[in-house]
Structure formats: structure tokens, C-alpha cells
Amino acid sequence: MSDIALSLLVLGVIAMCVGAWLAWKKGDRKRAGLMLVLAVVMALNVGIWTIPGPSETTLAEEARD
């Protein structure tokens, strides 16, 4: 189940980056900036859940057990 959530987060990051680029081109700088901030937060969450910690397991692997 966590694999699906992480995959959706990555797709969300891509969608937010594309949306931010489109908003930037349209002239809506504030919305573009906020979308980029959200994309960074989502990417950091994916990193936190997938990068192994000191015990050589990821949070996603520990959640499965």
C-alpha cells in the first residue's frame, strides 16, 4: 500500500512542477512559487520514506512489517 502512496506522491511532484511552470508563464508568480514549495515538501517526504536510515531499512519497509 505504501508503494502506491509513494508513487502518487512522485506523480504529484511532477504535476506540481508542470503546473508551476504553466502558472509562471501565465504571469501568476505567487501561485507558481507556492506550487514549487509544495513540490519540494512532497519530494522531501518521498525521500524521508525511501532513504535507508541507520538500521539499513527504510520507513516504508518498517511499515510493512
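Bear in mind that the values here come from a model prediction, so they are computed numbers and not experimental data.
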Subject >> Within residues 7-25 or reaching into it, pairs that qualify as salt bridge (Lys or Arg N to Asp or Glu O under 4.0 Å) - sequence neighbours excluded >> reply: none
Original post:
Could you give all pairs that pass the salt bridge (Lys or Arg N to Asp or Glu O under 4.0 Å) test and reach residues 37-48, with sequence neighbours left out?
Top reply: none
Original post:
Hydrophobic cluster mates of V40, side-chain heavy atoms under 4.5 angstrom, ILVMFWY only, any path?
Top reply: L44
Original post:
Taking all non-hydrogen atoms of both residues, which atom of T50 and which atom of L6 are closest, and how far apart?
Top reply: CG2-CD1, 3.7 Å
**OP:** Decide yes or no on side-chain contact (heavy atoms from CB on, under 4.5 Å) for M42 and L38, but give the supporting numbers first.
**Re:** CA-CA 6 Å; M42 291 168 63; L38 178 61; 3.8 Å; yes
Please list every donor-acceptor pair under 3.5 Å in which a side-chain atom of residues 29-36 meets a protein atom from a residue at least two apart or in another chain.
residue, atom, partner, partner atom, Å
R29, NH1, W24, O, 2.6

**OP:** Would you mind reporting whether K26 and L22 have side-chain heavy atoms less than 4.5 Å apart?
**Re:** no
Subject >> Set of residues satisfying side chain to side chain contact (heavy atoms under 4.5 Å, CB included) with respect to S7, sequence neighbours excluded >> reply: none
Original post:
Taking only residues two or more places apart in sequence or in another chain, which ones pass side chain to side chain contact (heavy atoms under 4.5 Å, CB included) with A39?
Top reply: V13, M16, C17
